[in-house]
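One structure is given below, encoded as structure tokens.
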Amino acid sequence: MPTAKTAQAPANSNSTRRVFFFKLFIAITVSVSLYFLIMWFTIQLRPRCSLEIFYIPALDKASNDPNSTAISLELSFWNRNNEKSIYYDKLNMTMYYYGKILTLPIGNTSIPQFYQQHSHTKHLTEMIQTSGVPWEDAKMKVSNGSAAVFRVHLTMNIRYSNGIWKSRRHQLSLGVNVTVNDQGMKSVNSSLRLLAV
């Protein structure tokens with residue numbers, strides 16, 4: 001009888017080991033799955049906003065409308081999330097001019113709320129009527145080969161959606177300085193990214 005018990009011991013030991021490794025495998029699988037599920041629900045990439053076009057007829061030496069006080073621009077919004085769409089509340093945009101002494105607010109507008117699918121880019125064209133711009137100062141700057149400096153500032157609230165639920169609102173405040181040449185255009189050809197402020 002002692003011999004029989006000794007012969008059965010390795011079998012029981014192997015069975016216990018198999019059960020242990022099976023439970024360990026299940027625990028690791030569940031933990032990894034939960035980790036990725038939580039990451040999928042919580043990781044949210046902020047949209048990237050860029051200024052594509054910025055044009056001021058009043059500073060364009062070849063303009064047919066040199067007395068216009070409007071500024072036209074185009075913004076692009078890129079939703080960098082692969083799985084999450086974005087709901088934008090109303091966007092508030094303020095324009096500034098960098099003068100000799102201080103920064104002057106010269107105009108503002110509101111952009112209606114909109115929805116953006118994941119991995120999509122949306123372009124918005126706006127025209128802002130300005131007031132209080134020291135045009136003589138700005139024209140003198142662009143005519144002598146330097147540049148007039150303006151600033152675009154955006155504030156907005158956004159919510160992320162994964163198709164099941166929407167996140168709480170996240171407030172974003174973005175801005176960029178724009179140098180304008182004697183063609184009334186931004187002096188760089190590439191897009192200007194609006195950065196968090």
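Residue numbers run from 1 in the order of the sequence given.
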Notebook entry, point to check: Under the side-chain contact (heavy atoms from CB on, under 4.5 Å) test, which residues partner Met156, sequence neighbours left out?
Noted result: Phe77, Tyr88, Leu91, Leu154, Ile158, Leu172, Leu174

How about [atom1] on [X], more than 12 heavy atoms from neighbouring residues, nucleotides or ligands closer than 6.0 Å, or not?
X      : atom1 : result
Asn144 : CG    : yes
Arg151 : CZ    : yes
Met127 : CE    : no
Gln113 : CD    : no

What's the spacing between [X] [atom1] and [Y] [atom2] if we round to 0.5 Å?
X      : Y      : atom1 : atom2 : result
Leu59  : Lys61  : CG    : NZ    : 12.5 Å
Ile53  : Thr125 : CD1   : OG1   : 6.5 Å
Tyr55  : Ser68  : OH    : OG    : 8.5 Å
Leu195 : Ser173 : CG    : OG    : 11.5 Å
Ser143 : Asn181 : OG    : CG    : 12.0 Å
His118 : Ser161 : NE2   : OG    : 10.0 Å

Next item on the list: For residues 167-197, pull every pair meeting ring pair (Phe, Tyr, Trp, His ring centres under 6.0 Å), keeping only residues two or more places apart or in separate chains.
Entry: Tyr160-His170

Path from [X] to [Y] over hydrophobic side-chain contacts below 4.5 Å:
X      : Y      : answer
Val19  : Phe25  : no
Leu51  : Leu124 : yes
Trp135 : Ile128 : yes
Val188 : Leu75  : yes
Ile56  : Leu104 : yes

Item checked: side chain to side chain contact (heavy atoms under 4.5 Å, CB included) between Leu73 and Val178, worked out -> CA-CA 11 Å; Leu73 55 85; Val178 190; over 6 Å; no

Using modelled atom types and a 3.5 Å cut-off, is there a donor and acceptor pairing between side-chain atoms of [X] and backbone atoms of [Y]?
X      : Y      : answer
Ser187 : Thr179 : yes
Asn79  : Gln117 : yes
Lys186 : Glu52  : yes
His123 : Ser76  : no
Asn81  : Leu45  : yes

Checklist line | Heavy-atom closest pair, residues Phe150 and Ala148 | finding: CE1-CB, 3.8 Å

Check: Nearest heavy-atom pair of Pro57 and Ala70: which atoms, and what distance?
Finding: CD-O, 3.4 Å

Check: Under 30°, 30 to 60°, or over 60°: which ring-plane class applies to His153 and Tyr96, parallel, tilted or perpendicular?
Finding: perpendicular

Check: Could you give all pairs that pass the salt bridge (charged side-chain N to carboxylate O under 4.0 Å, His left out) test and reach residues 132-150, with sequence neighbours left out?
Finding: Asp137-Lys141

Do [X] and [Y] make a side-chain contact, defined as non-hydrogen atoms from C-beta onward lying under 4.5 Å apart?
X      : Y      : result
Leu192 : Phe54  : no
Arg169 : Arg159 : yes
Met95  : Asn108 : no
Val152 : Met93  : yes

